[in-house]
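Each chain gets a letter, A, B and so on, in the order the sequences are listed, and its residues count up from 1.
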Amino acid sequence: MNTYGISAIYRFELARWFRTLVQSLLSPVISTSLYFVVFGAAIGSRMAEIEGVSYGAFIVPGLIMLSVLTESISNASFGIYMPRYSGTIYEVLSAPISAMEIVIGYVGAAATKSIMLGLVILATARLFVPFSIEHPLWMVSFLVLTSLTFSLFGFIIGLWASGWEKLQIVPIMIVTPLAFLGGSFYSIGMLPEFWQKVALFNPVVYLISGFRWSFYGVSDVAVGVSLGMTFFFLTLCLIVIWWIFKTGYRLKA
Amino acid sequence: MQSIISVQNLVKTYASGFQALKGVDLEIRRGEIFALLGPNGAGKTTLISIICGIVNATSGSVTADGHDIRKDFRAARSKIGLVPQELTSDAFESVWRTMKFSRGLFGKPPNPAHLEKVLKDLSLWDKKDSPILSLSGGMKRRVMIAKALSHEPQILFLDEPTAGVDVELRRDMWDMVRSLRDSGVTIILTTHYIEEAEEMADRIGVISKGEIILVEEKNTLMRKLGRKQLTLHLQAPLQQIPTQLANRQLELSADGAQLIYTFDAQADATGIASLLRQLNELGIDFKDLHTSESSLEEIFVSLVHQR
Ligand SMILES: Nc1ncnc2c1ncn2[C@@H]1O[C@H](COP(=O)(O)OP(=O)(O)OP(=O)(O)O)[C@@H](O)[C@H]1O
Ligand SMILES: [Mg+2]
């Protein structure tokens, strides 16, 4: 096991992030604050409580997930796409480091950033609305699992993308809509019955539901199902990555 | 002598269907400087990329220091340093950080003293905190070399190391490569500057259209193919070569002031003595003379053209 190699990649990626720390953190913090001003304070004050939770507090877990999903994908995809694009990937490919170790380095760093970001947004949200976290341990577990899964997903996109546009397509066209429709701002239970069924095909529903449960003990789907689905996506991503490295797809001529 | 790199029947067909290597066999000896020459597109970079693990071979096998580059990739790769042909670097990183990254990537514990020595040897020490972005092209190439040396490799591949490097620096680089060799590192370099191979290499390989067409000790190669020329600077220019000399391998320079005699330096009778005697008899005086060996460049060009 090349632990020095893993830590070299991990630190390198975090260093890249720290160089632009202010932008990296400031923009999600500002946009979250805007959401709270608009949805939480302005609109939220006229909204009824949802399952005993005030609207402002209700959207906190969803907002965190929204940022964590998109940032995980963009961080991880950029992290591996950049060296592919600039050519510096040659060094990683020529190093005595296995595919799994490369993934641990890059994905670990991307997930770390997402987790930190999630916690920063959590703290920001606390400035706007009072809330408490019922199951802190589960909250952290869901945050970590989601960050990992979507960083893996981003890594796959970064390996697959053959241009900058493609790097943007999946986050903008698929993930953001799924996250918005996945119950960030409302409970699935508020939808008409037909759309509730449709919503169950949206993987993000399970993530947000589980995460919200860890805050308030209320959820759209059973927590066990949420957890199971999260692990399912995680495994799926791992299998895809394993296949990519096995075939050398897009990495080696 | 045991070879440190052994390439056997290596074939590479790119996805486009183009066959870049057509069954290459090559043995690199421990501790030598091996120069790989060949025209653009011959397959030099492809060969190096396969050995270093950047490109997958279609068939054939490679061992580095006895380790199969596929089955035993960790052991094989940790022995190898690579300076690729393309200048690629993380523009915003400092020289020092990028070196630390390279060393770590190759599984070596931190060793600032070693990195310092490498940077000093490459005259980069004063740039260690500069972002790579701010360096000149020649400096960037040296950073690439520094990165490759950061993990103390036994085998160093230099793919056109002196492209875009000024003359003085090229000399320095040659000195550096020699001192690396003296410290026990095996060096394989590709170059388009034949004088570089002539100056540095112990052995020379020529690759053309995906096939190795020659591997030879440099000295043997020079001797075997070497022809010498004798140039006579005449007192008075000649209009043409006198008929009495027509049966000799003589040429007259355009201005008629130099007479050039080509001969085989290996032959028992070079014919120089009799030529000089004959010139004397014909009353052709010369004020100076010198001999020169044909360069590797000429040898190389004639080899590739024969194909
Ligand atoms: N990824 C690739 N896909 C398809 N063909 C390729 C690829 N890389 C290289 N080739 C082809 O393989 C041949 C050998 O290329 P290679 O880069 O090994 O040559 P080279 O000897 O290093 O040339 P140069 O002196 O110009 O660097 C060329 O014809 C090139 O076009
Ligand atoms: Mg090349």
Side-chain angles (χ1 to χ4, degrees), chain A residues 1-24 78-106 108-109 158-160 162 243-253, chain B residues 12-16 18 20 45-46 48-58 64 67 69 72-94 97-110 131-132 144 147-148 150-151 153 157 159:
Chain A
M1 180 101 160
N2 182 352
T3 44
Y4 287 114
I6 296 173
S7 109
I9 293 177
Y10 183 82
R11 283 159 188 236
F12 185 89
E13 282 298 294
L14 282 190
R16 189 166 62 75
W17 192 54
F18 278 119
R19 265 202 306 271
T20 55
L21 189 65
V22 177
Q23 295 106 288
S24 314
F78 190 82
I80 187 67
Y81 183 73
M82 192 59 206
R84 278 184 58 213
Y85 175 78
S86 71
T88 52
I89 191 79
Y90 86 87
E91 203 177 14
V92 176
L93 294 178
S94 69
I97 187 166
S98 71
M100 201 35 102
E101 289 159 357
I102 295 174
V103 173
I104 295 173
Y106 279 106
L159 285 175
W160 160 81
S162 53
W243 175 82
I244 286 177
F245 274 100
K246 192 169 154 275
T247 57
Y249 177 75
R250 300 244 191 194
L251 274 174
K252 297 190 184 192
Chain B
K12 174 63 191 178
T13 309
Y14 279 110
S16 59
F18 180 81
T45 301
T46 303
I48 290 180
S49 301
I50 291 175
I51 299 174
C52 294
I54 297 165
V55 168
N56 285 328
T58 307
H67 305 285
I69 56 156
D72 209 358
F73 76 94
R74 279 186 209 270
R77 290 186 195 168
S78 62
K79 299 271 180 353
I80 299 177
L82 165 67
V83 182
Q85 183 172 0
E86 307 283 335
L87 279 175
T88 58
S89 52
D90 296 289
F92 301 102
E93 282 298 337
S94 71
R97 270 196 108 100
T98 192
M99 295 258 310
K100 270 173 62 183
F101 172 74
S102 300
R103 188 176 167 89
L105 198 59
F106 277 75
K108 291 276 160 67
I132 293 172
M144 306 282 287
K147 278 161 77 74
S150 67
H151 66 276
F157 284 93
D159 199 352

Return the CZ to OG1 distance between B:F92 and A:T20, rounded to the nearest 0.5 Å.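 Answer for the CZ-OG1 pair, B:F92 versus A:T20, is 10.0 Å.
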Assess whether side chain to side chain contact (heavy atoms under 4.5 Å, CB included) is satisfied between A:S98 and B:F73, documenting all intermediate values. CA-CA 9 Å; A:S98 71; B:F73 76 94; 4.0 Å; yes
Side-chain donor or acceptor of A:N2 paired with backbone N/O of B:F106 under 3.5 Å: no
For B:R103 and A:A8, indicate whether the former's side chain and the latter's backbone hold a donor-acceptor pair under 3.5 Å.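 No, because the side chain of B:R103 does not come within donor-acceptor range (under 3.5 Å) of the backbone of A:A8.
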Shortest non-hydrogen contact from B:G107 to A:Y4? O-CD1, 3.6 Å
Can you say whether B:Y14 sits under 4.5 Å from chain A via the side chain, the backbone, both, or neither, judging by heavy atoms? side chain
Less than 4.5 Å to any heavy atom of chain A: does that hold for the side chain of B:S49, its backbone, both, or neither?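 Neither part, no heavy atoms under 4.5 Å.
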As an exercise: rank B:K100, B:E86, B:K147 by heavy-atom pairs under 4.5 Å with chain A and give me the winner.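 That would be B:K147.
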Using a cut-off of under 4.5 Å on heavy-atom pairs, state which of B:K108, B:K79, B:K12, B:R97 scores highest against chain A. B:K108
Looking at A:R11, I'd like to know if its CZ atom is crowded, meaning that more than 12 non-hydrogen atoms belonging to other residues, nucleotides or ligands lie closer than 6.0 Å.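 Not more than 12 within 6.0 Å, no.
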Surrounding OH of A:Y85 (heavy atoms of other residues, nucleotides or ligands, distance under 6.0 Å), is the total greater than 12? no
With A:S94 as partner, the option from B:I51, B:I80, B:I54, B:I48 fulfilling side chain to side chain contact (heavy atoms under 4.5 Å, CB included) is B:I54
Considering only heavy atoms and a distance below 4.5 Å, find which of A:R19, A:M82, A:M1 pairs most often with chain B.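 Maximum pair count with chain B is reached by A:R19.
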Relative to chain B, which segment of A:S7 carries a heavy atom at a distance below 4.5 Å: side chain, backbone, both, or neither?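 For A:S7, there is no contact with chain B at all, as no heavy atom is under 4.5 Å.
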Apply side chain to side chain contact (heavy atoms under 4.5 Å, CB included) to residues B:M144 and A:E91 and explain how you reach the verdict. CA-CA 10 Å; B:M144 306 282 287; A:E91 203 177 14; over 6 Å; no
Decide side chain to side chain contact (heavy atoms under 4.5 Å, CB included) for A:F12 and B:L105; before the verdict, give the C-alpha distance in whole Å, the side-chain angles of both, and the deciding distance to 0.1 Å. CA-CA 10 Å; A:F12 185 89; B:L105 198 59; over 6 Å; no
